[in-house]
Trainee: 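The structure under discussion is supplied below as structure tokens; questions concerning it will follow.
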Amino acid sequence: MSTGLVPRPTSVALGDGAFALTDAVSITGEAEAVARLNARLHRRTGLSLPAASDAPIRLRIDGEGAAESYRLAIDAHTVELTASDPAGLQHGVHTLLQLVAPTRQGWVWPAVVIDDAPRFAHRGLMLDVARHFFDVDVVERLLERMAELKLNVLHLHLSDDQGWRLALDSRPRLAEAASGSAALGDAGGCYSRADWGRILDAAASLHITVIPEFDVPGHTHAVGLAYPEVARPPVVTTELEETAAEFGGGLPVAGQAYTGFGVGFSSLRIGEAATSAFLRDVFTELADLTPGPYLHIGGDEALGTSRDDYAAAIAEVTALVASRQKTPIAWHEAGTAANLAAGTIGQYWGFVRPVDGADEKARGFLERGGRLILSPADAVYLDMKDSAESALGLTWANGPTPLHRAYDWEPVEVVSGIREEQILGIEAALWTETIRTEDDIQQMVFPRLAAAAEVAWSARTSRSWESFLERLADLATRWDADGLAYRRIDDVPWRRP
Ligand code: TNX
């Protein structure tokens, strides 16, 4: 019997027989986990398990073992889930939900003993809500899917040339004047304080950390619509003209909304008092609005910023973030900045086999006591087409990224010389230049996010492509039941036509 678990647990030992689920079977244990299991189980099976203190299904935290770990022991008479902490208990609940199977006698859990813990502490997805804006409901539904795959970080890219997406009291004109536009001329949008609170609450209830990003000093054209005194005029290069010729959207004009796909043309005016005040306001307020330990400051593709200004900006903003008791994260280019704050986390977005010194830049973080989040673009940039025929997506990261490429890479082999413990974790990324709807998100994210989740969670030795495809096919039967618009690509032995 296939246990159909994605990501694959550390160890799975199948026993004999199964535990039969009926409405008469009771449950006990941690209230949050019991409620989650009951709600999801009900949706799937129609069953509701009553509470009873001597119940055969027991969910508890014993404080033992690695962070986020759990042990699940099922036989014909009992279901015992024991976890080190609340996050581990939730992971165990999701394992239970993936395990439940229909038989002729009704719903059962197979007899099994599972020991499980994550390989990496940080297992995330980045969603770009700047190129296209997605409202809170879409984000909440995505968070649910992430939790099922045992992901625990949602990184929101909240600002870019096309729009600013978080309302700030300190800088009200960002919401008023910089948020109305989006790529392809679509409508923009902006999260209010209340919206932001809903996202944080939904994430917290799923043990997911939200990492907000304001991208500076480049990717800041929209800021100029609200506070023109802090923005430089766009730098138009031949590359930008080529992008405009290929994808449309025209060339950027200072003070006008930008709807194209170009990058690297905008910059804040670094070293000026007005800009420092702006940076202080937005990152201070962001720190106050963020319960988690990290703030992402961007730092990528700042081609419109001089080298000196770039280094100064990275030093200024990472110091600012650190002074608010948050750990800064920056895209890997910032590893070159001389006065990068110690301990800054780098996010590597080069290729699985680095080119153009991307790995060298990433090593700059390690030299200053930081660690890396790995987002190799030709493996886990989910905005890359999954096949040449895909209408959605881009191809700059070594052409299309089929499922196999999202799965078949090894984190310690990307940046040579790195030690396992210097890798904070893995993040898949969905940039949204071409992604306009929730349906588009689902098609690009699934099933490739399941591959990224397994790379992030499962031990190197327990991963196998053939096994993954089988388990993914099982998982997808649950996606079918929920109406998820995942891509039914050819490689996978999907369970129904
Ligand atoms: C590169 S990766 C970017 C984004 C684009 C993306 C499109 C990175 C740090 N920057 O600005 O949206 O490519 O794939």
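Index from 1, following the sequence. Just so we're clear, the structure is a prediction, and the values are computed from it rather than from any experiment.
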Trainee: So Gln347 and His155, do their side chains get closer than 4.5 Å, heavy atoms only?
Mentor: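 Yes, side chains in contact.
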Trainee: Would you call Thr432 and Val129 a side-chain contact if the rule is heavy atoms closer than 4.5 Å?
Mentor: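 In short, these two side chains do not touch, never coming nearer than 4.5 Å.
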Trainee: For Glu239, is the CD atom crowded, meaning more than 12 foreign heavy atoms sit under 6.0 Å from it?
Mentor: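 No.
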Trainee: Just to verify, what does Tyr407 make a ring-ring contact (aromatic ring centres under 6.0 Å, His included) with, not counting sequence neighbours?
Mentor: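 ring-ring contact (aromatic ring centres under 6.0 Å, His included) check on Tyr407 returns Trp465, Phe468.
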Trainee: If you measure from CG on Leu156 to CG on Leu166, what distance do you get to the nearest 0.5 Å?
Mentor: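 So the gap between those two atoms works out to 9.5 Å.
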Trainee: Testing the 3.5 Å rule here: is there a donor-acceptor pair between the side chains of Tyr70 and Thr95?
Mentor: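 There is such a pair (donor and acceptor under 3.5 Å, judged by atom type) between the side chains of Tyr70 and Thr95.
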Trainee: Answer yes or no: is there a side-chain heavy-atom contact under 4.5 Å between Asn398 and Arg405?
Mentor: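 Asn398 reaches Arg405 side chain to side chain.
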Trainee: Any donor and acceptor pair, going by atom type alone, linking the side chain of Gln98 with main-chain N or O of Val6 inside 3.5 Å?
Mentor: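 Here the side-chain-to-backbone pair exists.
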Trainee: Under the ring pair (Phe, Tyr, Trp, His ring centres under 6.0 Å) criterion, do Phe365 and Tyr348 qualify, and how do the steps go?
Mentor: CA-CA 10 Å; Phe365 295 89; Tyr348 174 85; over 10 Å; no
Trainee: Please check this pair: side chain of Ser159 against backbone of Asp215, looking for a donor-acceptor N/O pair closer than 3.5 Å.
Mentor: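 The answer is yes, because a donor-acceptor pair under 3.5 Å joins these two groups.
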Trainee: So, do Phe214 and Leu168 sit near enough that their side-chain heavy atoms are less than 4.5 Å apart?
Mentor: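 Touching, per the 4.5 Å side-chain cut-off.
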Trainee: Does any non-hydrogen side-chain atom of Pro172 lie less than 4.5 Å from one of Leu174?
Mentor: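 Not touching, per the 4.5 Å side-chain cut-off.
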Trainee: Given the rule in the side-chain contact (heavy atoms from CB on, under 4.5 Å) test, do Ile345 and Leu372 qualify, once you have shown the distances and angles that lead to the verdict?
Mentor: CA-CA 6 Å; Ile345 305 291; Leu372 291 184; over 6 Å; no
Trainee: Which distance, rounded to the nearest 0.5 Å, do you find between the CD1 of Ile211 and the OH of Tyr294?
Mentor: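 Between atom CD1 of Ile211 and atom OH of Tyr294 there are 6.5 Å.
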Trainee: Counting C-beta onward and ignoring hydrogens, is there a side-chain heavy-atom pair between Ile373 and His122 closer than 4.5 Å?
Mentor: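 Touching, per the 4.5 Å side-chain cut-off.
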Trainee: Under a 4.0 Å N-O cut-off, is there an ion pair linking Glu421 with Arg371?
Mentor: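 Salt bridge flag = no for Arg371 with Glu421.
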Trainee: Could you list all the side-chain hydrogen bond (donor to acceptor under 3.5 Å, both in side chains) pairs where at least one residue sits in residues 329-344, not counting sequence neighbours?
Mentor: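 For residues 329-344: Glu213-Trp331, Glu333-Trp349.
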Trainee: Can a donor-acceptor pair be found, under 3.5 Å and without considering hydrogens, that links the side chain of Glu272 to the backbone of Arg269?
Mentor: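 Answer holds: no.
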Trainee: Arg487 side chain to Phe446 main-chain N or O, any donor-acceptor pair under 3.5 Å?
Mentor: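 Such a contact is absent between Arg487 side chain and Phe446 backbone.
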Trainee: Find out whether Pro291 and Leu200 are in side-chain contact, i.e. whether some heavy atom of one side chain is under 4.5 Å from a heavy atom of the other.
Mentor: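 Pro291 vs Leu200: side chains touch.
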Trainee: Given the rule in the side-chain contact (heavy atoms from CB on, under 4.5 Å) test, do Thr434 and Phe247 qualify, once you have shown the distances and angles that lead to the verdict?
Mentor: CA-CA 10 Å; Thr434 66; Phe247 296 107; 5.7 Å; no
Trainee: Apply ring-ring contact (aromatic ring centres under 6.0 Å, His included) to Phe133 and list each qualifying residue two or more places apart in sequence or on a separate chain.
Mentor: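 With neighbours one apart ignored, the set is Tyr191.
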Trainee: Would the distance check show the side chain of Gln90 and the main-chain N or O of Leu206 forming a donor-acceptor pair, the cut-off being under 3.5 Å?
Mentor: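 Yes.
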Trainee: How would you list, by chain and number, every residue that makes a side-chain hydrogen bond (donor to acceptor under 3.5 Å, both in side chains) with Gln256, sequence neighbours excluded?
Mentor: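 Gln256: no side-chain hydrogen bond (donor to acceptor under 3.5 Å, both in side chains) contacts found.
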Trainee: Identify whether the distance between the nearest side-chain nitrogen and carboxylate oxygen of Glu144 and Arg141 falls below 4.0 Å.
Mentor: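 Salt bridge between Glu144 and Arg141, a charged N being under 4.0 Å from a carboxylate O: no.
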Trainee: Can His219 and Asp300 be said to form a side-chain contact (heavy atoms from CB on, under 4.5 Å), step by step?
Mentor: CA-CA 8 Å; His219 291 273; Asp300 57 318; 3.1 Å; yes
Trainee: Under the 3.5 angstrom rule, does the side chain of Ser266 hit a backbone N or O of Thr220 as a donor-acceptor pair?
Mentor: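 Yes, the answer is positive, given that a donor and an acceptor are paired below the 3.5 Å cut-off.
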Trainee: Are the charged groups of Arg198 and Glu140 less than 4.0 angstrom apart, N to O?
Mentor: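 Salt bridge present between Arg198 and Glu140.
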Trainee: Checking Ser276 against Glu316 for the side-chain hydrogen bond (donor to acceptor under 3.5 Å, both in side chains) test, could you report, in this order, the C-alpha distance in whole Å, the side-chain angles of both residues, the deciding distance, and whether it holds?
Mentor: CA-CA 8 Å; Ser276 290; Glu316 179 174 353; 2.7 Å; yes
Trainee: Indicate yes or no: does Glu229 engage Arg173 in a salt bridge with an N to O separation below 4.0 Å.
Mentor: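 Here Glu229 does not pair with Arg173 in a salt bridge, since their nearest N and O are not under 4.0 Å apart.
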Trainee: Rounded to the nearest 0.5 Å, what separation is found between the CG atom of Asp383 and the OG1 atom of Thr395?
Mentor: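 It comes to 10.0 Å.
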Trainee: For the residue pair Trp396 and Tyr381, does the interplanar ring angle fall in the parallel (under 30°), tilted (30 to 60°) or perpendicular (over 60°) class?
Mentor: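 Trp396 and Tyr381: perpendicular rings.
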Trainee: How long is the gap from OG on Ser390 to CD on Gln443, to the nearest 0.5 Å?
Mentor: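 The CD atom of Gln443 is 7.5 Å from OG of Ser390, to the nearest 0.5 Å.
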Trainee: Step by step, work out the salt bridge (Lys or Arg N to Asp or Glu O under 4.0 Å) result for Arg353 and Glu413.
Mentor: CA-CA 8 Å; Arg353 295 193 208 318; Glu413 287 170 4; over 6 Å; no
Trainee: Pairing donors with acceptors under 3.5 angstrom, does anything connect the side chains of Thr284 and Arg280?
Mentor: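 There is no such pair between these side chains.
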Trainee: Just wondering, are more than 12 heavy atoms of other shown residues or ligands nearer than 6.0 Å to CG in Asp308?
Mentor: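 Incorrect, the count does not exceed 12.
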Trainee: Test Asp359 against Val414 for side-chain contact (heavy atoms from CB on, under 4.5 Å), laying out the working first.
Mentor: CA-CA 8 Å; Asp359 50 342; Val414 175; over 6 Å; no
Trainee: Can you see which heavy atom on Glu420 is nearest to which on Val412, and at what distance?
Mentor: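 Answer, listing the atom of Glu420 first, then Val412: OE1-CG1, 3.5 Å.
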Trainee: Enter the distance from Leu430:CG to His157:NE2 here, rounded to the nearest 0.5 Å.
Mentor: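 Taking CG in Leu430 and NE2 in His157, the distance rounds to 11.5 Å.
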Trainee: Could you check whether Asp116 and Thr10, counting side-chain N and O atoms only, form a donor-acceptor pair closer than 3.5 Å?
Mentor: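 Side chains of Thr10 and Asp116: pair found under 3.5 Å.
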Trainee: Testing Val136, Asp201, Leu158 one by one against Trp196 for a side-chain contact (heavy atoms from CB on, under 4.5 Å), which residue passes?
Mentor: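 Result for side-chain contact (heavy atoms from CB on, under 4.5 Å) with Trp196: Leu158.
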Trainee: Do any N or O atoms from the side chain of Lys326 and from the backbone of Thr290 form a donor-acceptor pair under 3.5 angstrom?
Mentor: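 Checked: pair present.
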Trainee: Could you tell me whether Arg123 and Glu454 have a side-chain N and a carboxylate O separated by less than 4.0 Å?
Mentor: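 Here Arg123 does not pair with Glu454 in a salt bridge, since their nearest N and O are not under 4.0 Å apart.
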Trainee: Quick one: do the His207 and Asn152 side chains pair a donor with an acceptor below 3.5 Å?
Mentor: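 Side-chain D/A pair, His207 to Asn152: absent.
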Trainee: Can you name the residues that form a salt bridge (Lys or Arg N to Asp or Glu O under 4.0 Å) with Arg193, not counting sequence neighbours?
Mentor: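 Arg193 satisfies salt bridge (Lys or Arg N to Asp or Glu O under 4.0 Å) with Asp169, Glu285 once adjacent residues are dropped.
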Trainee: Does this structure show an ion pair linking Glu30 with Arg36, if we count only N-O contacts that are shorter than 4.0 Å?
Mentor: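 Result for this pair is no, no salt bridge flagged.
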Trainee: Are side-chain heavy atoms of Asp491 and Pro402 found at a separation under 4.5 Å?
Mentor: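 Of all side-chain heavy-atom pairs linking Pro402 with Asp491, none is under 4.5 Å.
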Trainee: I'd like to know if the side chain of Asp160 and the backbone of Gln162 have a donor-acceptor N/O pair within less than 3.5 Å.
Mentor: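 Absent.
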Trainee: Within the distance-only criterion (no hydrogens, no angle test), does the side chain of Ser458 pair as donor or acceptor with the backbone N or O of Pro7 below 3.5 angstrom?
Mentor: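 No, the answer is negative, given that no donor and acceptor are paired below the 3.5 Å cut-off.
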Trainee: With rounding to the nearest 0.5 angstrom, report the CZ to CG distance, Phe134 to Leu127.
Mentor: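 The CZ atom of Phe134 sits 6.5 Å away from the CG atom of Leu127.
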Trainee: Please check this pair: side chain of Asp356 against backbone of Ala358, looking for a donor-acceptor N/O pair closer than 3.5 Å.
Mentor: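 Not a single qualifying donor-acceptor pair exists.
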Trainee: Quick one: list whatever passes side-chain hydrogen bond (donor to acceptor under 3.5 Å, both in side chains) with Arg436, sequence neighbours left out.
Mentor: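 Residues passing side-chain hydrogen bond (donor to acceptor under 3.5 Å, both in side chains) with Arg436: Asp186.
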Trainee: Taking the basic N atoms (NZ, or NE/NH1/NH2) and the acidic carboxylate oxygens, is any pair closer than 4.0 Å for Arg131 and Asp128?
Mentor: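 Yes, Arg131 and Asp128 are salt-bridged.
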